Structures are given as structure tokens and as C-alpha cells.
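Let me begin by presenting the structure, written as C-alpha cells, before commenting on it.
The model shown is predicted, which means the values in this text are computed figures rather than measured ones. Each residue takes its place number in the sequence, starting with 1. Computed from heavy atoms alone, side chains included, the values below leave out hydrogens, waters and symmetry copies.
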Amino acid sequence: MAPSRSFSSLLTLPALALLSLSTSALPHPRTASTTAALKLAVRINSYGIKNIAAADRARFQTLQSSGSSSINANNTGTIYTADIGVGSPATYYTLLVDTGSSLTWLGANKPYKQTTTSLDTHNQFNIAYAGGSSVFGEEYTDTITLNSNLVITHQSIGVASASSASKMGGLDGILGLGPIDLTQDIVTNTYEVATVTDNLYAQNTISSEVLGVFFAPASSDDSGGELTFGGYDASKITGDISYVSITSTSPANTYWGIDQSISYGSTPIMTETAGIVDTGSTLILIASDAFDKYKSATGATLDKSTELLKISSEQYNQLSSLYFIIGGVTYELTPNGQIWPRSLNSAMGGTADGIYLVISSTGSSSGSGLDFTNGYCFLERFYSVYDTTNSRVGFATTEYTYATTN
């Protein structure tokens, strides 16, 4: 099982790039029942994302063909970062958090500083981008500090050639949190590379390979995020976690793939099919035939400057909810949840008073085995859980599910 990738450059929103512990965390060494949280900083791209839809679609098409696409940090809208310590004493690097890739690497901005815990494996890594370029460099093992209670020894990390990692918008690299499958054949002389989550579990720091992910809408007062290792943060949800097994359909089952159907109001627009849940995508992408039905039902027109659907104020007032049916559970994406934050219109080349929809087309019709991506605009409304131990994904409502922050 595994996830995917994408992303941008930067204008910082109110958020601290600090690592902090949840109230349930205990001092090291950890016991089997504890979890620990990592606070994230959110950033909105300030340039270079005049076409979020095209950037998301390009990566989607690479994933659809079972490619190994990494994140281009100059291309998308919303990213989450964390300051991660490497070595002993630790040097801190600002890494983009990505459940859609699995190899952790740095070197794009701040140079890697070797210490007594650094070991050169003399292997090379290479990760392809959707646009045809790649990030490559030397593979090391080192001590990784997520926070004082989340310390990993002998973690494999890539140290990128700076010239190959020039599209990270000032960030230092990637914190890869996807399934181990995505590391296959990326590092020479190595079939798979244990991920950060794998090693937290193997070193008995967490009791299960479970990652909880919380995003607040970028336009809300609390625009940060949080990762919870070893479980989920019950204080962030307003209902039970409902789980669905990883889909059996290829290629979606290579990622955090699930089966779902979608209705616009009472009108079905997408029958049950396989797709992925992806923190590395900004928008919600659906197969072109489903997109056409959505476009027709909303009365939206395609805006040429942003390539997003655009509606009038009158059409917004008539907008129905979208209903995502996943594992027999219905998740409502309200009209407000379907629009791009109006306060951030200028960041993606829109007009200040425009109303843009966050549903876009994958560029291919349904039946491919990977027909949708539930990206950030879905995940900011629902808490998500990535359970490697039980091969499943979970969702729950949050205080932002029915909010009108956009």
C-alpha cells in the first residue's frame, strides 16, 4: 500500500514550524500505548501556482501510470512543513511533509552537516518528478529527531545534489511518510528503504504503524496542522473514525487507495471506483466524465486564467453539497467546502471577488484503476488516519467539516 506527492513556494501564514508533544505523550522510552504529535506549519505559495489544476493533474497522471513522482515545490498551492533534527548534535531542516512519498531526503537549501551519527552507505538515490526532472544524491543513515520523544536511530535519508533539488522553494527537502512500497528501486543496491514510520515502530517508539493527519483550512484562524504517530488525536475529531480497507484495484492499491462514489445533492456523478487519498495534492480531482456531470450540475464555467471552475454569487447560493460514500459511510462536503478560499484568490491568479471551485478533472475518463484524488481541500474538512498495520484508511468529522471559512 502507498500514497503520492506534489507542491510549492511560499508566503507564510500564521503558524509555528515547531515540533510539540501531545498531552498524551510520555517521556522516552515510550510504552506501547502512547502516541506523540508533531505540529506543522502551513504555507501558501506566493508565486508560480497560477495553474494549480494543471500541476495536480500532471502528478496524478504520473501516479496513474504507476510512476514514482516526487514533489515540485514550485507548482502547487498549500504545503505543510516541519523542522526536523538530523545528526547529533542535531541540525534542523525545514522539510515538506508528504504522505505521498516515502523516502526522507534533504539538501535542497541548507547543506547536510555530518556528525558522529552520520554514515555514508555509498548508495545513490534517484526520485523522478512528474515534469521529467529528478532529485538524486547520496544515501546516508543518521539519527532523526522529530521531537524529544520521537527520535529514530539509523534512519536512511537521501542527501540531494543541490542542483537536482532546485525546485523546493527554499525548503530543505521532504519528510516521506508514505508506505514502504514507494521506496522500491529508488536507492541503489536496496530493494526497499524503511520509512520514518516503519522505524518508529521497529524501534518500539510507537505501538502500531498508524499516522493521524489533521489539517485546518488555510483560511481559518488556526491554519496549522498536526501529525500523530502511533494513533490519532481524539481531541481533533467530532465523531468516530470510520475505516475502509485499501482497495484491491490497481494501480490505486499501490498508494493509500480506496473505493468511493460521489453524488452532487441527490444526483450521482461518479459510481464506485478506485482512487487515492493524497496530502500532496491541493485539489479534489475526479474522472473527466464525473467532472463533466459536476460542471453541468453546478452551472460553472471553466476559468481560462486559473483552469478552475468558476461560479457566480447566485450559483454559489444554489450550490448543493457533494456526498462522498466511502466504505458505506457518507461524508458531506458542503458548498463552502467546495470553493477555494476567497481570501487567497490572488495567490493562484484569480480575481479578488471570484468564486472558484476546488473540484477539477483528472484528465482521463473513469475505469483506469485510479479515478480520483482526495487532496488537501478534502482533507482540511476531515481527519484522516493511515493504518499500515491493518491496511486501511480512516476518516472522521472535525470542527471544520461544516465551517464557512472560505
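Of the possible donor and acceptor atoms, one in the side chain of Thr306 sits under 3.5 Å from a partner among the backbone N and O of Leu308. Checking side-chain atoms of Asn345 against main-chain N and O of Asp353 turns up no donor-acceptor pair under 3.5 Å. Side chain of Gln155 to backbone of Ala194: a donor-acceptor contact under 3.5 angstrom is found. The backbone N or O of Gly265 lies less than 3.5 Å from no partner atom in the side chain of Ser263, so there is not a single donor-acceptor pair. With hydrogens and angles disregarded, a donor-acceptor distance shorter than 3.5 Å links the side chain of Arg381 to the backbone of Tyr400. Formation of a donor-acceptor pair under 3.5 Å by the Thr121 side chain with backbone atoms of Asn123 is found in this model. Formation of a donor-acceptor pair under 3.5 Å by the Ser368 side chain with backbone atoms of Leu370 is found in this model. The backbone N or O of Trp340 sits nowhere less than 3.5 Å from a side-chain atom of Asn406 that would complete a donor-acceptor pair. With hydrogens and angles disregarded, a donor-acceptor distance shorter than 3.5 Å links the side chain of Ser102 to the backbone of Gly178. Side-chain atoms of Thr298 come within 3.5 Å of backbone N or O of Lys295 as a donor-acceptor pair.
Side-chain contact between Val358 and Thr282 is absent, with no heavy-atom pair separated by less than 4.5 Å. Contact annotation: the side chain of Thr104 approaches that of Leu95 to within less than 4.5 Å [non-hydrogen atoms, C-beta and beyond].
In terms of the side-chain hydrogen bond (donor to acceptor under 3.5 Å, both in side chains) criterion, residue partners of Thr153 (sequence neighbours excluded) are, by chain and number, Gln203. By the ring-ring contact (aromatic ring centres under 6.0 Å, His included) test, Phe382 is found to be paired with Tyr331, Phe378, residues two or more places apart in sequence or in another chain being considered. Contacts of Ser366 classified as side-chain hydrogen bond (donor to acceptor under 3.5 Å, both in side chains), with partners at least two apart in sequence or in another chain: Asp289. For Tyr112, the ring-ring contact (aromatic ring centres under 6.0 Å, His included) partners at least two apart in sequence or on another chain are Tyr140. For the side-chain hydrogen bond (donor to acceptor under 3.5 Å, both in side chains) test, no residue two or more places apart in sequence or in another chain qualifies with Tyr93. Residues that satisfy the side-chain contact (heavy atoms from CB on, under 4.5 Å) test with Ala90, not counting sequence neighbours, are Tyr92. Annotation: side-chain hydrogen bond (donor to acceptor under 3.5 Å, both in side chains) contacts of Asp198 (sequence neighbours excluded): Thr195. Judged as a side-chain contact (heavy atoms from CB on, under 4.5 Å), and not counting sequence neighbours, the contacts of Val385 are Val210, Tyr232, Ile241, Tyr243, Tyr383. In terms of the salt bridge (Lys or Arg N to Asp or Glu O under 4.0 Å) criterion, residue partners of Asp387 (sequence neighbours excluded) are, by chain and number, Arg392. For Ser288, the side-chain contact (heavy atoms from CB on, under 4.5 Å) criterion is met by Ser361, Ser365, not counting sequence neighbours.
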Could you walk me through whether Tyr386 and Ser384 pass the side-chain hydrogen bond (donor to acceptor under 3.5 Å, both in side chains) check? CA-CA 7 Å; Tyr386 306 86; Ser384 56; 3.0 Å; yes
Side chain to side chain contact (heavy atoms under 4.5 Å, CB included) between Leu200 and Leu146: does it pass, once the steps are laid out? CA-CA 10 Å; Leu200 284 171; Leu146 302 179; 4.1 Å; yes
Run the side chain to side chain contact (heavy atoms under 4.5 Å, CB included) test on Leu171 and Asn109 for me, step by step, so that the C-alpha distance in whole Å, both residues' side-chain angles and the decisive distance to 0.1 Å come before the verdict. CA-CA 6 Å; Leu171 298 177; Asn109 186 34; over 6 Å; no
Would Asn336 and Thr334 satisfy side-chain hydrogen bond (donor to acceptor under 3.5 Å, both in side chains), going step by step from the backbone distance to the final call? CA-CA 5 Å; Asn336 190 260; Thr334 64; 5.5 Å; no
Evaluate the side chain to side chain contact (heavy atoms under 4.5 Å, CB included) criterion for residues Val193 and Ile180: first the C-alpha distance (whole Å), next the side-chain angles of each, then the deciding distance (0.1 Å), finally the verdict. CA-CA 7 Å; Val193 177; Ile180 193 171; 6.0 Å; no
Chi angles and distances behind the side-chain hydrogen bond (donor to acceptor under 3.5 Å, both in side chains) call for Thr94, Asp83: CA-CA 4 Å; Thr94 301; Asp83 284 352; 2.8 Å; yes
Residues Gln124, Glu138; criterion side-chain hydrogen bond (donor to acceptor under 3.5 Å, both in side chains); working and verdict: CA-CA 5 Å; Gln124 307 295 312; Glu138 193 90 357; 2.6 Å; yes
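Among residue pairs with one or both ends in residues 153-174, none qualify as ring pair (Phe, Tyr, Trp, His ring centres under 6.0 Å); sequence neighbours excluded. The ring pair (Phe, Tyr, Trp, His ring centres under 6.0 Å) pairs that include a residue from residues 279-321 are Tyr264-Tyr294, where partners are two or more places apart or lie in different chains.
To the nearest 0.5 Å, the span separating OG1 on Thr197 from CG on Leu177 amounts to 5.0 Å. Distance check, rounded to the nearest 0.5 Å: CZ of Phe229 to OG of Ser208 gives 12.5 Å. With values rounded to the nearest 0.5 angstrom, Leu309 atom CG is found 13.0 Å from Ile355 atom CD1. Annotation: the span from Ile284 atom CD1 to Phe324 atom CZ amounts to 4.5 Å, rounded to 0.5 Å. Atoms CG and OG, from Asp278 and Ser101 in turn, are 9.5 Å apart once rounded to the nearest 0.5 Å. Taken from CD1 in Ile325 to CD1 in Ile262, the straight-line distance is 8.0 Å, to the nearest 0.5 Å.
If you check the side chains of Ser321 and Glu332, you find a donor sitting under 3.5 Å from an acceptor. For the residue pair Asp142 / Thr117, a side-chain donor-acceptor distance below 3.5 Å is found, with atom types taken as modelled. Under the 3.5 Å distance criterion, with hydrogens and angles disregarded, no donor-acceptor pair is assigned to the side chains of Thr273 and Gln260.
Here Lys236 does not pair with Glu399 in a salt bridge; the nearest charged N to carboxylate O distance is not below 4.0 Å.
The neighbour count for Asn390 CG, taken as heavy atoms of other residues, nucleotides or ligands under 6.0 Å away, is above 12.
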